[in-house]
There are 2 protein chains.
Amino acid sequence: MYRTHTCNDLRAADEGKTVTLAGWVHTIRLHGSLCFLDLRDRYGITQITLDTEQFPEVKTLRKEFVIQISGTVKKKPTPNVKLATGEIEVVAEKFEVLNTCEILPLDLENIQGTTDDVRLKYRYLDLRRSQMRDNFILRHKAAQAAREYLNSQDFLEIETPLLIRSTPEGARDYLVPSRIHHGAAYSLPQSPQIYKQLLMVSGFDRYYQLARCLRDEDLRADRQPEFTQIDIEMSYVHQDDVFAIGEGLVKNILKKTINYDLKTPWPRITYDEAMAKYGIDKPDIRFELFLHDLTDAVKGSDFAVFNAALESNGSVIGLAVDKEFTRKETDELTAIAKIYKAKGLVTLRVSDTEGTIKLEGSAANHLSTEIQRNIIKELGAKPKSTIFIVADAFKISREAMAYVRKELGQRLHLYDEKEFAFCWVYDFPSFEWNPDEEKWDPAHHIFTSPKLEHLDYLETDPGKVRALCYDMVLNGIELASGSIRINRRDVQSRVMNVIGLTLEDAEQKFGFLLEAFKYGAPPHGGFAIGFDRIVALICGTNDIREVIAYPKNRQGQNPMDDCPSPMDEKALRDIGLKIEKK
Amino acid sequence: MYRTHTCNDLRAADEGKTVTLAGWVHTIRLHGSLCFLDLRDRYGITQITLDTEQFPEVKTLRKEFVIQISGTVKKKPTPNVKLATGEIEVVAEKFEVLNTCEILPLDLENIQGTTDDVRLKYRYLDLRRSQMRDNFILRHKAAQAAREYLNSQDFLEIETPLLIRSTPEGARDYLVPSRIHHGAAYSLPQSPQIYKQLLMVSGFDRYYQLARCLRDEDLRADRQPEFTQIDIEMSYVHQDDVFAIGEGLVKNILKKTINYDLKTPWPRITYDEAMAKYGIDKPDIRFELFLHDLTDAVKGSDFAVFNAALESNGSVIGLAVDKEFTRKETDELTAIAKIYKAKGLVTLRVSDTEGTIKLEGSAANHLSTEIQRNIIKELGAKPKSTIFIVADAFKISREAMAYVRKELGQRLHLYDEKEFAFCWVYDFPSFEWNPDEEKWDPAHHIFTSPKLEHLDYLETDPGKVRALCYDMVLNGIELASGSIRINRRDVQSRVMNVIGLTLEDAEQKFGFLLEAFKYGAPPHGGFAIGFDRIVALICGTNDIREVIAYPKNRQGQNPMDDCPSPMDEKALRDIGLKIEKK
């Protein structure tokens with residue numbers, strides 16, 4: 001037997017026992033004829049004492065050697081309070097080196113100076129660090145907690161295929177050429193969407209899967225070619241039923257991973273309200289610094305910035321914050337507004353000179369006393385507070401102010417970093433006007449059901465139609481997205497009519513799902529949570545690579561196994577393809 | 001709310017309640033002004049009574065329409081004992097058709113006459129059948145039971161990548177061409193082997209995953225391009241530790257799915273013993289009809305069939321069964337022996353004429369009384385029993401007799417169909433002699449550790465080296481395979497020496513794993529169970545397609561979504577490839 005205990009098992013009560021441990025040399029210190037070493041495994045650390053005269057080979061040991069020790073548990077005169085096993089040490093009677101270790105190419109105690117690619121090349125060592133170990137233990141717990149909850153709610157875990165037909169949004173599908181059928185290919189799923197809907201047609205009623213998804217996107221910091229989602233679909237449900245499941249699921253994950261008690265139900269915010277108060281459809285509701293629409297309030301001013309926005313049907317959006325800012329700070333905030341394409345950020349200060357409240361700042365000269373009062377009133381601004389305003393196109397003004405708001409929340413510590421503030425955003429528009437093609441585009445995938453009470457607008461006023469479509473948002477980050485699906489062919493064909501898709505087009509693209517809907521498809525809906533994302537956030541990081549065992553770098557490569565690797569001629573011949581000369 | 005209860009919830013105690021149910025019309029029967037229908041969902045069936053005068057649209061209902069009913073629970077005068085809800089019926093007060101259903105292309109009650117491809121094309125309907133529903137509920141339970149046990153044993157579930165580097169056994173890898181790096185490709189994993197071994201190097205100690213694996217094989221009835229395995233790896237273990245985990249895992253799966261109490265530990269059978277007694281390395285131990293080696297017993301006969309085998313260093317393998325067979329039966333058994341390449345099957349009958357026991361049959365004339373006695377004694381044959389013998393090359397004689405034995409077991413009902421008889425087969429040879437190339441080939445993947453006490457044979461007598469490699473066998477079917485791995489570079493390089501692989505070759509093929517072994521790789525081992533296979537066997541079928549939601553047909557196609565589908569020019573251009581003209 002390699003070990004009788006792990007390195008986290010022994011306590012004072014084990015004194016006198018003969019035990020065998022195995023693990024890595026975490027630290028080693030020679031002191032006269034004694035050698036003290038910390039032996040480490042996944043579970044913890046146990047202190048070992050060896051006599052170097054009895055075991056002279058101990059002197060050749062280095063950190064990260066793999067060793068096996070048998071000996072007697074002894075109580076330490078002074079416990080090491082930093083270790084769970086700190087009351088004891090093991091005095092070695094037998095000792096064996098199970099494997100040696102060369103000098104490590106990275107420092108397990110301090111990863112700061114190490115490049116991402118070196119971490120990824122030696123990922124198996126990077127994963128030896130306690131932070132990474134803890135991340136993956138948390139990820140494991142999160143997966144079990146998700147299943148535990150869903151099992152308790154009568155969901156069935158069902159695996160959907162990885163080799164599927166290319167989807168209509170296929171531009172980002174990975175293709176897998178067939179060896180048997182030359183010229184044909186499978187594609188890898190960006191999500192199990194169609195297959196889970198078909199499971200509802202089959203009557204499985206409640207489905208989930210920790211689904212592996214693949215998307216051939218240009219990579220960003222927070223994207224990976226493969227990712228995992230908690231994928232859910234339910235029959236005979238309305239939106240509120242889905243919300244309840246999403247809330248219960250996340251609550252159990254937070255409880256079982258970090259013992260966090262999440263309050264449910266969560267706030268439910270319409271898309272319109274989110275856009276009005278937060279300027280964005282993924283609001284960070286940890287702090288109540290709301291945006292206000294000043295478009296009416298500033299009408300009639302001679303301020304060119306406002307008037308340009310008003311004349312082009314844009315908006316004037318502002319907020320007031322009870323603090324004074326330096327020029328450097330307002331410059332930095334302006335820079336943020338500009339990242340989101342605002343032409344600038346108007347900054348005003350509320351002054352209170354002998355009871356006369358008015359605005360100061362270069363724009364103030366262009367604003368009449370009445371308009372100043374309107375602004376102050378609309379924003380509820382107090383003396384000495386600062387007002388930020390973006391006047392621009394509808395979307396730009398809101399989005400720019402949303403990120404100004406976000407930055408203010410962070411800088412002014414308006415929220416508790418450790419809080420998890422979830423909400424649902426719902427009632428999204430079903431269609432978006434495409435001015436270039438002068439047509440309506442679907443704002444979501446085409447099986448997203450319109451609100452039933454809006455069905456009549458499909459033919460009369462598509463812009464009014466809201467969708468039974470919702471996002472789960474955590475601290476301003478979209479974690480999940482879902483919808484109630486269209487299960488009836490008559491509704492499906494009316495929706496396709498709006499976006500100018502003929503039934504033939506649709507049959508070609510989604511034929512087998514449309515076909516399935518002929519045969520008694522029940523009402524159904526669902527959602528999918530980004531599992532890497534939620535685990536990363538619970539681990540306190542935004543970078544999902546910290547919770548994926550072997551991620552790719554920004555070029556889609558894995559520096560460890562060096563994939564993707566060149567295809568040789570035989571491999572290409574087998575699949576009937578050749579490299580196209582440029 | 002679509003429903004207050006499922007179709008399996010209501011009992012006599014619910015009498016008088018107002019309830020709402022939703023589901024499929026399972027059966028419908030009009031009787032005067034009353035309509036009786038069975039409403040079905042995943043959970044069960046509830047009987048509904050409607051008044052056709054109140055709800056005239058009931059007359060348009062057909063099977064598999066999706067409907068919603070509200071009404072009052074009424075106790076039935078005569079309970080329907082076939083239904084869990086059979087004590088009650090619901091008398092409808094509200095009724096709505098949620099969706100219609102066209103005539104089904106297959107019969108949900110009787111699938112016999114339906115071709116495989118029709119079942120697969122309308123898989124979403126095929127899955128509506130109760131047998132399929134039950135299979136997937138069982139699969140769900142099996143997955144949870146596997147995780148439950150492994151979690152209880154401190155295993156961590158960790159996801160390994162789907163986009164990896166092509167492996168050395170890469171001929172059956174699916175390739176995924178890179179869009180960013182033209183001419184290069186990822187491959188899809190045939191198993192997470194290397195990545196799970198690296199997790200051991202990282203110190204995760206105990207890993208599992210219900211791993212999706214893909215192999216581009218020519219398809220057989222029991223093969224699918226994608227399959228799932230319960231993939232396990234453990235550090236600081238010997239073979240017996242791995243066996244204990246495998247046994248506990250399977251025991252929990254059988255208990256939680258069909259409440260079967262599996263006895264552990266299982267028999268452990270060496271490869272040599274399996275070959276001697278069963279003729280095969282995956283023995284069906286449900287019945288004790290053992291093979292015997294008659295090679296010595298028949299020496300010196302003038303029977304050409306035996307002598308040909310003896311002269312070419314082959315074997316004479318036989319068994320005796322206490323039963324007489326017709327000519328037709330022995331012909332059929334001979335045909336089976338021939339499938340496995342035996343030249344024929346010698347059949348002898350043991351006669352007892354007035355106390356003189358001797359053999360009858362055309363071969364008997366060539367066998368002296370002494371040789372006849374030897375045979376009878378070696379086989380322990382009784383009067384009136386029948387003896388079957390194959391004389392052929394070493395492997396053929398054993399394999400052919402193994403399948404003759406299997407057929408006899410089935411025909412003579414020598415075992416209980418419902419028994420699950422597991423065993424471990426171990427001590428496989430490490431190397432196989434390749435007579436064409438006059439060299440030793442590895443019998444397993446090259447990280448399989450030789451038995452430590454056989455290391456010295458590596459240089460002196462490789463044929464003697466046995467591997468720390470084992471199979472889990474159920475009722476004659478190999479369910480899992482695993483090994484203790486080589487974790488030390490010195491042993492690895494000695495093994496590679498035997499098979500004539502240079503360190504450079506190896507570095508090119510497995511470079512990153514060999515590299516990892518420099519840095520304190522602990523001793524480790526593991527195995528992988530075919531999850532589809534074990535679930536199918538528990539469901540009572542040999543066909544894994546019955547437990548895979550959307551399987552491919554024998555041509556690797558899915559008739560439902562019609563994949564693989566032709567790649568269009570744009571898709572090919574994106575990945576820098578073109579179709580090679582033949």
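Hydrogens, waters and symmetry mates are skipped; everything else that's a heavy atom, side chains included, is used.
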request  = Sequence neighbours left out, what passes side-chain hydrogen bond (donor to acceptor under 3.5 Å, both in side chains) with A:K578? Give chain and number order.
outcome  = none
request  = Can you sort out the partners of A:R488 under side-chain hydrogen bond (donor to acceptor under 3.5 Å, both in side chains), two or more places apart, ordered by chain and number?
outcome  = A:D490
query = Do you know which of A:A549, A:A22, A:S187 has the most heavy-atom pairs under 4.5 Å to chain B?
reply = A:A22
Less than 4.5 Å to any heavy atom of chain A: does that hold for the side chain of [X], its backbone, both, or neither?
X	result
B:T100	backbone
B:F65	neither
B:R129	neither
B:L513	neither
B:Y208	side chain
B:F531	side chain
B:L188	side chain
B:L577	both
B:E515	both

ask   = What's the shortest heavy-atom distance between B:G203 and A:R42, and which atoms?
value = O-CB, 3.3 Å
request  = Search all heavy atoms of B:R133 against all heavy atoms of A:F204 and return the closest pair with its distance.
outcome  = CA-CE2, 4.0 Å
inquiry  = Between B:E159 and A:R212 (salt bridge meaning N to carboxylate O under 4.0 Å), is one present in this structure?
reply    = yes
query = Is it true that B:R139 and A:E157 have a side-chain N and a carboxylate O under 4.0 angstrom from each other?
reply = no
query = Heavy-atom distance under 4.5 Å to chain B: side chain of A:Q197, backbone, both or neither?
reply = neither
request  = Mind running side-chain contact (heavy atoms from CB on, under 4.5 Å) on A:M567 and B:L175 for me, showing each step along the way?
outcome  = CA-CA 9 Å; A:M567 287 179 277; B:L175 293 181; 4.2 Å; yes
ask   = With respect to chain A, which residue among B:I164, B:L163, B:T160 yields the maximal number of heavy-atom pairs within a distance under 4.5 Å?
value = B:L163
request  = Taking the side chain as every heavy atom from C-beta outward, state whether B:E64 and A:Y519 have any pair of such atoms under 4.5 Å apart.
outcome  = no
